[in-house]
Trainee: 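Here's a structure for you.
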Number of protein chains: 4
Amino acid sequence: MASAPRKRPAAEPRAGQKLSPRGELKRTQILDAAAEVLAVRGFAGTMLSEIAERAGTQAGSLYYHFASREDLIEEVLRRGVTLTMAHVRAALTELAPETSARDRLAAAIREHVRFQLDVSAYARASARSTGQVPAEMRARINREFRRYGVFLDELIMEAMADGAIDPGVDRSALRMLLIGAANWTTEWFRPDGTSNVDEIADLLVRLMLSGVAKPKPGRRLPKKSKVD
Amino acid sequence: MASAPRKRPAAEPRAGQKLSPRGELKRTQILDAAAEVLAVRGFAGTMLSEIAERAGTQAGSLYYHFASREDLIEEVLRRGVTLTMAHVRAALTELAPETSARDRLAAAIREHVRFQLDVSAYARASARSTGQVPAEMRARINREFRRYGVFLDELIMEAMADGAIDPGVDRSALRMLLIGAANWTTEWFRPDGTSNVDEIADLLVRLMLSGVAKPKPGRRLPKKSKVD
Amino acid sequence: MASAPRKRPAAEPRAGQKLSPRGELKRTQILDAAAEVLAVRGFAGTMLSEIAERAGTQAGSLYYHFASREDLIEEVLRRGVTLTMAHVRAALTELAPETSARDRLAAAIREHVRFQLDVSAYARASARSTGQVPAEMRARINREFRRYGVFLDELIMEAMADGAIDPGVDRSALRMLLIGAANWTTEWFRPDGTSNVDEIADLLVRLMLSGVAKPKPGRRLPKKSKVD
Amino acid sequence: MASAPRKRPAAEPRAGQKLSPRGELKRTQILDAAAEVLAVRGFAGTMLSEIAERAGTQAGSLYYHFASREDLIEEVLRRGVTLTMAHVRAALTELAPETSARDRLAAAIREHVRFQLDVSAYARASARSTGQVPAEMRARINREFRRYGVFLDELIMEAMADGAIDPGVDRSALRMLLIGAANWTTEWFRPDGTSNVDEIADLLVRLMLSGVAKPKPGRRLPKKSKVD
DNA sequence: CATGAATGAGTATTCATTCAT
DNA sequence: TATGAATGAATACTCATTCAT
């Protein structure tokens, strides 16, 4: 007789996925806009008004497509990982079947960097704002993250099994350092041409595999000339 | 962010640096608290109320010590870099004078990681929240960041000059990838003992120098063949 | 409450009452739904979305049948009183012609309670949400309410004229107390069987007529005189 | 490492009750204002802006004293019942010790009406808006309501035990009908002098005890027995 | 006739900031 | 120096209303 719990506003396209192409389009525009804002401002700094503006809508209209700010952001972050993994996986598929585990791992790292810097705002958004996400949402998204982590871990394991990578290395630390270097590129990379995506990707791969040191100086060969 | 911004309206100790020891102490407590909050929440997510609580004060009281939220945060971030550089530099000073450029660079990277993970919330704060800082503040802080960048760059150059590192490598990219991997550790490092700071630091150094690949499997010996 | 109020902008069936049977049906469904919602949530708490959902429509579609939220609600409330009066009046009609004024009044009270609790959501809606209605609408609906008030008042007057009820009683206060007790039942009545409508109705009638006190204790006398 | 749950804004006088007299005063003003608004607009129709205005504050300032709209309202409603019960109880205390159970019950009903109409906006607020309150809050407040219900129920039981009231009557229904009639007065009572509080209260008491019917007309018999 | 989609005026809430004491 | 109290601009969110299809 008293009030009962309410919820759900007037419309509800959030529930059923069956959207008209028009609604589907706008929804995508909103997600895209959100991804770009998140990639730049991070979780806490992202305002619905900015997303709306970029998507050519009104802030209030976002609620027709998403139940809340968190819901919208969550979907962006989730897509970020999902898309990244899909991209990397697809890239591996296109390698020659006989490609070595080592080269497959290298390709994965390279594509991760490239996808993030060159292609997807979603990936950038994930990289930059996951860290500030409230615990609850964190927990919900974690599955996707873990999945990608496992995916990469398997590549590393295969490379180890293949004798391409030192099996004594802490796989987890290795992976996180590589991912970290890759994700951090979004903080300093200048898309204006100053930086070159492929060079960066290649350099990271090189770090993983052989590093940038030249064979021990002083020993082996003459090299000594450069005493400093 | 709220109200109309104004400049230095409150009392005055911010002008003259000579504070009573008690005021100096509180100021430090506030900075420490702010560093911890920033390290966890990031720039946009940091609230004065949380800082105040951690510092054992009231939010309003912060304004006796700092002109504004931005001023406080700016000082924390600036300290973050400054302290990191000071720590790394000090560590290098303690090395044997004859230490090679390569080993000096390695030590720098190692200490950067260790300082961040083990020692200083300021360093963590800088690492995690610099990216979200508004352009204005960014510009103001940039000097410190650039100074540290130059410092590292010189270490790299010396190692190159010394023949320890491939001079063909893009120094800037190399530095940012290393710093990135290091900074990103704050996102995944578990201080509960699961992760080990030194191992991580060593692994990063190893990546820089030699990578983790084992000599091309199948080809015994030729080692030297890879003269480059 | 939102936007700028306007008058009758939509289609037109609201003008001419002749609707296709289908439209008429939907209109009724909407009114029914609105009555149920109003009965539970009250005026301010009633949302078009909930009404629409219950009526199997979309909130926007309501505007084909009603010019505004207020219009819809107004009709429900008006119906609430109208129907209640019609019900009570019909019940009185079915009484034996020689029924005393006193018994007619009793029957009216009884039927008011029963109609509200057992039969009509419109009646419940009226009872529960009239009080919160904005002054303007209030004024518009008042005619119906007054009409019912007069109707009841006449029953009371007749009972007084007939010597059944103490003519010294403030008719208006009496009526409002009775109606109040009746309307308030909607707040506590449990339709789950815990409460019994007829018992409640009878008790209210008894309160009106004789109250629940036993003849002054201490004086044992006529007792039996009370044939009823 | 990720964000942790937040809460609690800057200040927190809500937690500790120790408020300076000034804060205590404002808090009371706000509660008073809220009570008045609630009494008129009901739960859903009550807006913080109106409360703030009446309390001579800004809407945002309410949050210094109360954690949320619901918290504020909850306290008002709770006070409504608590105060009513306290008032009624106090009134009973002042009765002569030998006052009969029947007269004590009558006094309780009378004071309930008077307190509500004449004295306390809190009581009116409770009476008018409890019905629309969301289930959660309802549950929380229910203790107070039940306590008052029990209090009244005991009075009824004593009157029954004393032979003053027909023990065959459903105590719960009786109580709710009486309370209902009393609470509903807030919907129609005109404080402008048209209505008279004491008359209304007395009439309700009379309804409870003896009703307003005159001994069955037409049948000449005991008539005189009823000395009263 | 119906609805999917959008709008925009509000409403509760947050939080940096102020200031009298 | 500190703080209790307040302010007000900004932000997420709601909901009646509109309208093209």
Side-chain angles (χ1 to χ4, degrees), chain A residues 6 8-13 18-20 22-23 25-27 47-50 52 57-70, chain B residues 1-6 9-13 19-20 22-23 26 46-50 52 57-65 67-70 72, chain C residues 1-6 9-11 13 19-20 22-23 26 46-50 52 57-65 67-70 72, chain D residues 6 8-13 18-20 22-23 25-27 46-50 52 57-65 67-70 72:
Chain A
R6 315 195 198 158
R8 180 149 316 177
E12 62 184 294
K18 49 214 162 145
L19 284 176
S20 79
R22 181 152 161 248
L25 174 62
K26 180 55 86 183
R27 197 183 134 92
M47 296 175 336
L48 292 190
S49 54
E50 192 174 352
T57 333
Q58 222 68 26
S61 305
L62 301 182
Y63 287 81
Y64 182 76
H65 301 276
F66 301 90
S68 70
R69 188 190 109 124
E70 294 223 339
Chain B
M1 209 158 258
S3 294
R6 219 189 307 175
E12 76 213 83
L19 287 174
S20 77
R22 179 143 165 256
K26 181 53 88 182
T46 290
M47 297 177 329
L48 292 190
S49 53
E50 193 176 352
T57 332
Q58 220 69 25
S61 307
L62 302 181
Y63 286 81
Y64 184 79
H65 302 277
S68 70
R69 188 192 113 127
E70 293 224 339
L72 167 55
Chain C
M1 209 158 256
S3 294
R6 220 190 304 177
L19 287 174
S20 76
R22 178 141 166 259
K26 181 53 88 183
T46 290
M47 296 178 331
L48 292 191
S49 53
E50 193 176 352
T57 331
Q58 219 69 24
S61 307
L62 301 182
Y63 286 80
Y64 184 80
H65 302 278
S68 70
R69 180 188 171 231
E70 295 224 337
L72 167 55
Chain D
R6 316 192 195 162
R8 181 147 316 177
E12 61 184 294
K18 47 206 162 146
L19 284 176
S20 78
R22 179 150 162 249
L25 173 62
K26 180 56 88 184
R27 197 184 133 91
T46 291
M47 295 176 335
L48 292 190
S49 54
E50 192 175 353
T57 335
Q58 223 67 25
S61 306
L62 301 182
Y63 286 82
Y64 182 76
H65 301 277
S68 69
R69 188 191 108 122
E70 294 224 338
L72 167 54

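Here is how names work: the chains are called A, B, and so on, in the same order as the sequence lines, proteins then strands, and each is numbered from 1.
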Trainee: Mapping A:R69 and C:G60 to their closest nucleotides on DNA chain F, which lands nearer the 5' end?
Mentor: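 The answer here is A:R69.
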Trainee: What are the two closest non-hydrogen atoms of B:A59 and B:S49, and how far apart are they?
Mentor: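 Closest approach of B:A59 to B:S49: CB-CA, 4.3 Å.
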Trainee: Any idea which heavy atoms bring B:L72 and B:L48 closest together, and the distance?
Mentor: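 Where B:L72 meets B:L48 most closely, the heavy atoms are CD2-CD2, 4.3 Å.
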Trainee: Map D:L48 and A:Q58 onto DNA chain E by nearest heavy atom, then report which one ends up closer to the 5' terminus.
Mentor: A:Q58
Trainee: When the distance from OH of D:Y63 to P of E:dT13 is rounded to whole Å, what number comes out?
Mentor: 3 Å
Trainee: D:L62 has an atom CG; how far is it from atom C1' of E:dT11, in whole Å?
Mentor: 12 Å
Trainee: Roughly how many Å is it from CE in D:M47 to P in E:dA12, rounded to a whole number?
Mentor: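 For the pair D:M47 CE and E:dA12 P, the rounded distance is 7 Å.
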Trainee: Toward the 5' end of DNA chain F, which comes first, B:S61 or D:T57, by nearest nucleotide?
Mentor: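 First, find each residue's nearest nucleotide; the 5'-ward one identifies B:S61.
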Trainee: Any non-hydrogen side-chain atom of C:T46 less than 4.5 Å from a side-chain atom of C:R69?
Mentor: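 Side-chain contact under 4.5 Å: yes.
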Trainee: Quick one: D:E50 CD to E:dA12 P, roughly how many Å, whole number?
Mentor: 11 Å
Trainee: Which value, rounded to the nearest 0.5 Å, describes the distance between D:R27 atom CZ and D:L25 atom CG?
Mentor: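 Nearest 0.5 Å value for the CZ-CG distance: 12.0 Å.
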Trainee: So what's the dot-bracket for DNA chain E: Watson-Crick or G-U pairs under 3.5 Å, [ ] if a pair crosses, | if it pairs off-strand?
Mentor: .||||||||||||||||||||
Trainee: Give a yes/no answer on whether the side chain of B:H65 brings an N or O atom under 4.0 Å of OP1 or OP2 in F:dA2.
Mentor: yes
Trainee: Any side-chain N or O of D:Y64 less than 4.0 Å from the OP1 or OP2 oxygen of F:dA6?
Mentor: no
Trainee: Whole angstrom is fine here: how far is it from NZ in B:K26 over to P in F:dA2?
Mentor: 7 Å
